[in-house]
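To start, the structure itself, in structure tokens.
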Amino acid sequence: MNIIRMAIAPAVLAATMAFTACSDKTTPIIIEQSQRINTDLQTLVQENPELIAKAEAQYAEDRINVDVALADSLFKVGLITDPLFNYFTACEIKDHADKNLEILVNALTEKEMPIVVNLTDAYGDAKSYELSPATLRRMVKSPLTQLDYNETRDALFAALAASADQFMPDERTVKEITTSFKGGFYAYNVVFDNPRSYRGLVTANLKARAIKVLEARYAKLGSFKPLVFGMFKTLGIDGFHLVYSAGENEPLLKTTVTLSNIH
């Protein structure tokens, strides 16, 4: 009997494993969807080499891991808060909602399995963002105004303020550069020591300066530019102001650049 048992044991084990595999219909779906995501990421890398250095997705035992290395120095992961990342992801999801997304979210929900995005910036800094099935479903179903709207806008404003030095003029007689937001326009306020530093400029010159900086800033977004600018619009940003001044009692020079002006 021992010999017979030894002979049939592998067959029983194989049958059990086969039954288990067949009974789990969700894992193959998740694997298939992770492979689809990986294929889409490879396409995005090819289309946006100046923005994304590397991107791949793979299924692990308890999650889908998405690894993305950014090539554009504009983005610093230290400034990409969870609400800002989630809001941007929600914008992307709402722009590309399809049957595959529904299938994926349902499968992840059944397995209680998250998607973990590991983001590395051009400076070598890294951060992970975990998207639970509940978070993904909320992104699909909830309006953007209910997705940590205020926290997201605060984080975006902080990121914009961090790049204010890009508006430092060649004159180098600047006392400070401050930022503000009002009426749909994010403003960079360049305060000079002396109004003579900008007395020869006119509005058209100032607008050309602003556009030059802004176009250089967003030049590497590639196919993501409509998505990023669309996110700006949902957060109430229609464009930018560049303001030159030299104190409260001195004349100021101001120009407006709408998002549509930035090519």
Side-chain angles (χ1 to χ4, degrees), residues 48 50-51 70-76 78-81 83-84 87-88 91 95 121-123 144-145 149-263:
N48 303 277
E50 292 186 301
L51 177 63
L70 296 172
D72 190 350
S73 59
L74 169 67
F75 299 98
K76 298 179 180 180
L79 295 172
I80 305 175
T81 64
L84 181 56
Y87 192 94
F88 179 82
C91 290
D95 275 0
D121 62 25
Y123 305 93
L144 291 170
T145 52
Y149 182 91
N150 292 330
E151 294 86 347
T152 298
R153 195 161 74 162
D154 289 345
L156 178 59
F157 286 174
L160 293 174
S163 60
D165 284 349
Q166 293 176 339
F167 289 94
M168 180 71 72
D170 295 334
E171 290 87 350
R172 300 296 176 185
T173 55
V174 172
K175 184 183 299 183
E176 63 178 348
I177 301 178
T178 63
T179 59
S180 58
F181 179 76
K182 184 179 180 180
F185 288 87
Y186 192 86
Y188 293 94
N189 309 292
V190 183
V191 183
F192 291 82
D193 290 325
N194 195 305
R196 289 194 298 271
S197 299
Y198 59 91
R199 185 166 291 164
L201 292 176
V202 296
T203 303
N205 301 136
L206 193 61
K207 186 166 186 174
R209 290 189 178 195
I211 289 177
K212 181 179 179 181
V213 171
L214 292 167
E215 288 190 343
R217 175 189 289 179
Y218 300 115
K220 298 179 181 179
L221 289 179
S223 64
F224 282 87
K225 184 178 176 181
L227 180 63
V228 171
F229 281 13
M231 182 185 73
F232 283 3
K233 294 284 288 185
T234 68
L235 292 170
I237 301 175
D238 297 316
F240 301 91
H241 288 319
L242 179 58
V243 183
Y244 279 8
S245 66
E248 293 182 2
N249 299 321
E250 300 293 347
L252 61 80
L253 186 64
K254 178 179 178 180
T255 191
T256 299
V257 178
T258 65
L259 294 177
S260 62
N261 292 145
I262 305 170
H263 301 296

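Only heavy atoms go into these numbers, but all of them, side chains included; no hydrogens, no water, no symmetry mates.
In this structure, CZ on Phe167 lies 11.0 Å from OG1 on Thr179, to the nearest 0.5 angstrom. Note that CG of Leu242 and NZ of Lys207 are 12.0 Å apart. Values are rounded to the nearest 0.5 Å. The distance from atom CG of Leu51 to atom CG of Leu74, rounded to the nearest 0.5 Å, is 9.0 Å. Distance check: Met168 CE to Asp170 CG gives 10.5 Å after rounding to the nearest 0.5 Å.
For the pair Phe88/Ile80, no side-chain contact is recorded, criterion being any heavy-atom separation below 4.5 Å from C-beta on. Within the 4.5 Å cutoff, the side chain of Pro169 has heavy atoms near those of the Phe192 side chain. In this structure, Ser245 and Glu250 have side chains that are not in contact, with every pair of non-hydrogen atoms separated by 4.5 Å or more. Under the 4.5 Å side-chain criterion, counting only non-hydrogen atoms from C-beta, Met231 is in contact with Tyr87.
Taking the six-membered ring where the residue is Trp, Tyr198 and Tyr244 present perpendicular rings, their angle passing 60° and hence far from 30°. In this pair, Tyr218 and Phe229 present their aromatic rings perpendicular. The plane angle is above 60°, beyond the 30 to 60° band.
Gln166 contributes no side-chain N or O that, together with a main-chain N or O of Val213, makes up a donor-acceptor pair within less than 3.5 Å. Using a distance-only test at 3.5 Å, with no hydrogens or angles considered, no donor-acceptor pair links the side chain of Tyr188 to the main chain of Asp165.
The shortest non-hydrogen separation linking Leu252 to Lys254 is CD1-CB, 4.0 Å. Phe240 approaches Phe185 most closely through the heavy-atom pair N-CD2, 3.5 Å. For Ala122 against Ala71, the heavy-atom pair with the smallest separation is CB-O, 3.8 Å. Pairing each heavy atom of Asp95 with each of Leu227, the nearest pair is OD2-CD1, 3.4 Å. Closest heavy-atom contact between Ala246 and Val191: CA-CG1, 4.5 Å. Asp72 and Arg217 make their closest contact through OD2-O, 4.5 Å (heavy atoms, listed as atom of the first residue, atom of the second, distance).
When each of Val202, Leu206, Asn205, Val190 is checked for a side chain to side chain contact (heavy atoms under 4.5 Å, CB included) with Leu253, only Leu206 meets the rule.
By the 6.0 Å and 45° rule, Lys76 stacks over the aromatic ring of Tyr123.
A donor and an acceptor atom, one from each side chain of Thr255 and Thr203, are nowhere located under 3.5 Å apart. Ser223 and Asn48 share a donor-acceptor pair across their side chains, judged by distance under 3.5 Å alone. Under the 3.5 Å distance criterion, with hydrogens and angles disregarded, no donor-acceptor pair is assigned to the side chains of Ser197 and Asn194.
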**Report entry** side-chain contact (heavy atoms from CB on, under 4.5 Å) between Asn261 and Glu215, intermediate numbers included
**Finding:** CA-CA 9 Å; Asn261 292 145; Glu215 288 190 343; over 6 Å; no
Query raised in the report: Does the side-chain contact (heavy atoms from CB on, under 4.5 Å) test come out yes or no for Val257 and Ile262, once each step is laid out?
Result: CA-CA 8 Å; Val257 178; Ile262 305 170; 3.8 Å; yes
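Identified under the salt bridge (charged side-chain N to carboxylate O under 4.0 Å, His left out) test for residues 228-248, with sequence neighbours left out: Lys233-Asp238.
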Output a table of donor-acceptor pairs, distance under 3.5 Å, between side-chain atoms of residues 150-157 and any protein atom two or more places apart or on a different chain; print 'none' if there are none.
from   : atom 1 : to     : atom 2 : distance (Å)
Thr152 : OG1    : Pro83  : O      : 3.2
Thr152 : OG1    : Asp148 : O      : 2.8
Arg153 : NH1    : Leu235 : O      : 3.3

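Here Glu50 pairs with Lys220 under the side-chain contact (heavy atoms from CB on, under 4.5 Å) rule; sequence neighbours left out.
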